[in-house]
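Remarks on the structure that follows.
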Number of protein chains: 4
Amino acid sequence: MIAHSNISEKNEAILQASLRLFVEYGFHGTPTSKIAAEAGTAHGTIFTYYKTKDDLIAALYEYVKNEFRDFLVKNVRGEGTIKERLRDIFFYSVQWSLDNRKEFYFTQQFQYSTHLKKASTESIVKEKSLHRAIYQEALDNKVFRPLPFEMIAELAMSQMIGMFQFLSEGNYPPSETKALIDEAFKGMWRMLAVV
Amino acid sequence: MIAHSNISEKNEAILQASLRLFVEYGFHGTPTSKIAAEAGTAHGTIFTYYKTKDDLIAALYEYVKNEFRDFLVKNVRGEGTIKERLRDIFFYSVQWSLDNRKEFYFTQQFQYSTHLKKASTESIVKEKSLHRAIYQEALDNKVFRPLPFEMIAELAMSQMIGMFQFLSEGNYPPSETKALIDEAFKGMWRMLAVV
Amino acid sequence: MIAHSNISEKNEAILQASLRLFVEYGFHGTPTSKIAAEAGTAHGTIFTYYKTKDDLIAALYEYVKNEFRDFLVKNVRGEGTIKERLRDIFFYSVQWSLDNRKEFYFTQQFQYSTHLKKASTESIVKEKSLHRAIYQEALDNKVFRPLPFEMIAELAMSQMIGMFQFLSEGNYPPSETKALIDEAFKGMWRMLAVV
Amino acid sequence: MIAHSNISEKNEAILQASLRLFVEYGFHGTPTSKIAAEAGTAHGTIFTYYKTKDDLIAALYEYVKNEFRDFLVKNVRGEGTIKERLRDIFFYSVQWSLDNRKEFYFTQQFQYSTHLKKASTESIVKEKSLHRAIYQEALDNKVFRPLPFEMIAELAMSQMIGMFQFLSEGNYPPSETKALIDEAFKGMWRMLAVV
DNA sequence: GATGAATGAGCATTCATTCAT
DNA sequence: GATGAATGAATGCTCATTCAT
């Protein structure tokens, strides 16, 4: 669920409508006119907030990214062993994507939309900085096996995406979901950690 | 490199051009007219082979999928322990995607192109049947931990995609690439296998 | 430089901004929003002064026309021979257009903007009444050759426009400019006058 | 009447329709959709011939310019005194503009459409080269008074435009029209020529 | 009067698809 | 089969104008 501070009601409605429609019909399958209709605004209103449709898409990405990051910052333990903090990151990342499926799915779509590559590569990396910091820490402290950093990062990320895809298809009750995520984390730990 | 049996030269040129352009500009960023130009045919010719652009995309997907499957069938040991055969699947899957980056990237794009969902879900599952058969075997024989089958499948697949992404960015020499893939396989094994 | 009596500061700013932008980008190339920005007012403010953009354009035309007329009335000798007064009209008309290039250019643009035809034909004729009066006088007194009045009027006007165009491209010092205008007037006199 | 060699029927219809509508409603007052309707083609057809509306406008200008030039070349005496040839240029220029009022009016509109300036300045000069060549000759041979070349050019051109404007309003029979143009030419001669 | 967010009609342009040759 | 001119529905975007504050 999107909810943010200095964003006008109309703007919010536009972002929400965009998210819903992009996820359902894709970027190109969603005319700006439909977004406006879904948002309950006039067509032109979109363009008072965003110069172009691509700008809207990019802004939505930024928006979602921030939601995600805010959620992680709020939930991940600031203290504890590396393993504990890693577990938190893993757990809450998967949890957030399950609780915000549209947002997560949109993110994936975005990263595969070729013509937006340039504007965002930097943005994508930044988005992952929370994760990457702790992988680096684990690597530096020899908690992780001596593998290339990027390999570790990619494998860990993929793991989360895999869990999201798995869990978002079946419909497990919360407690079981929790258990499965933790099971996956243990798997990841066995995969990457020393001993 | 695409090369197949009963496909006319023009058709082949069209598929090749499509692949190149789709990967570079995305489906919607690639007009059929440009495909024709790149393929060295008249615009209309595309539509003597494919009723619609979406048909072309679907056919290309089918085409690539078959290439991949043929490659696996040719290379994966038919005999050996489950672990050996799993390793082969893992290894050659990653290897193929590295040797056919455009093809693999196209596949990923395709799976995130929402408006093509219906036509293909079934197709995608079928594509993965080779992998899934052996995961099932490993699960049935208690070689894998007792986790939901789909979870295992997703985690294993994600691992390969993660390795592709990692390796396709750095530029490692063949021998090192080979070593890294095997390292990743060992990680996956620790993650999923019993003991 | 525009400067007039009962016109509010905002209104004046709007007219000035319009003039500048219309001359540079044309009527259709100048959005009212840009005019407002250039004038330092809110977009809506324009419409408290002018019901429509076309009204603004027409008002600006009227405004400029009056500037020109005032200038002529102030400078043209009220007495003297027909030739002397004609020379003044010719001279000061060209001079004004050189000293007020934007204004003059705007006038020309206006007269070729087809969709404003109706509103202004009458206005344009009125604008030229000072000139026309003296051509009529010259014709009535047989100072001019016996040609159709409209022909004389058009030829004389064209002459001034031609001189403006010529002088506004080169950059002659004032004294030379003056001499060239007088030379042109002599030419016009030879063209139109008896003997 | 436009009529040219290697121009397809549809293209011709588009140019004709454009000319008619531009002259009546102006560039911005004429939607491309109306042009298509008037030309009896589909809307999209315009864009198979011209990449943009501005391209169409520029092409139309080029087209009309060529018509004019062809007409002059066909009619102006190649031999004779400077005066005779000047008279021809003057006479046939005015005559053509009267016989092709839409074309001529379009030309004038075009030259005042600010945002097309860049594309065409060069083109406009070229258009006038036939005239300019003979003015230069007259100046070099001291047939004209020793005035700046550009001044002569502008004054002569203005004269023709003035005559067009005058004649296109009244409705004189051909013989009288002819006489009046010649009268105007004599005036111009008195204005510019030595003695 | 002044503001500027909101409106929606209007427009240029794109592009998959058709079809006569 | 191959061609490419023609089609017209669809779409992103602009901008004059309105109106609640």
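Since this is a predicted model, take the numbers as computed values, not measurements. Chain letters run A, B, ... following the sequence lines, proteins first, then strands; residues in each count from 1.
- Distances were taken from every side-chain heavy atom of B/A42 (C-beta onward) to each of F/dT3, E/dT7, E/dG4; the shortest belongs to F/dT3.
- Counting heavy atoms from C-beta outward, B/E62 and B/K65 have side chains that approach closer than 4.5 Å.
- Atom CD1 of D/I7 is separated from atom P of F/dA5 by 15 Å (rounded to the nearest Å).
- A/N11 has its CG atom 13 Å from the P atom of E/dT7, to the nearest Å.
- Note: C/F110 and C/F27 have perpendicular aromatic rings, judged against thresholds of 30 and 60 degrees for the angle between ring planes.
- Scanning for ring pair (Phe, Tyr, Trp, His ring centres under 6.0 Å) contacts around B/Y50 gives an empty result, with sequence neighbours left out.
- Two residues, B/K10 and D/T45, neighbour DNA chain F, and the one matched to the more 5' nucleotide by heavy-atom proximity is B/K10.
- Rounded to whole angstrom, the span from the CG atom of A/L56 across to the P atom of F/dC13 amounts to 10 Å.
- Not counting sequence neighbours, the partners of D/F47 by the side chain to side chain contact (heavy atoms under 4.5 Å, CB included) test are D/T32, D/H43.
- Evaluation of the side-chain hydrogen bond (donor to acceptor under 3.5 Å, both in side chains) rule for B/R20 yields B/E38 as partners, not counting sequence neighbours.
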Its contact letters, B for base, S for sugar-phosphate only and - for none at protein heavy atoms under 4.0 Å, make nucleotides 11-16 of chain E read SBBBSB

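- In this structure, C/S97 contributes its side chain and C/F104 its backbone to no donor-acceptor pair below 3.5 Å.
- The backbone N or O of B/G44 sits nowhere less than 3.5 Å from a side-chain atom of B/T48 that would complete a donor-acceptor pair.
- In this structure A/T41 satisfies the side chain to side chain contact (heavy atoms under 4.5 Å, CB included) test together with A/K10, A/I14, A/A36, A/A39, A/T45, sequence neighbours excluded.
- For residues 27-37 of chain A, there are no salt bridge (Lys or Arg N to Asp or Glu O under 4.0 Å) pairs, not counting sequence neighbours.
- Heavy atoms of C/Y49 sit under 4.0 angstrom from primed sugar atoms or phosphate atoms, though from no base atom.
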Annotated structure of DNA chain E as dot-bracket, pair cut-off 3.5 Å, Watson-Crick or G-U only, | for inter-strand, is .||||||||||||||||||||

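- Between the C1' atom of F/dA2 and the CD1 atom of B/I14 lies a distance of 10 Å, rounded to the nearest Å.
- Here E/dA5 presents its P atom at 14 Å from OH of A/Y50, a figure rounded to the nearest Å.
- In this structure, CD1 of C/I46 is placed 12 Å from C1' of F/dC15, rounded to the nearest angstrom.
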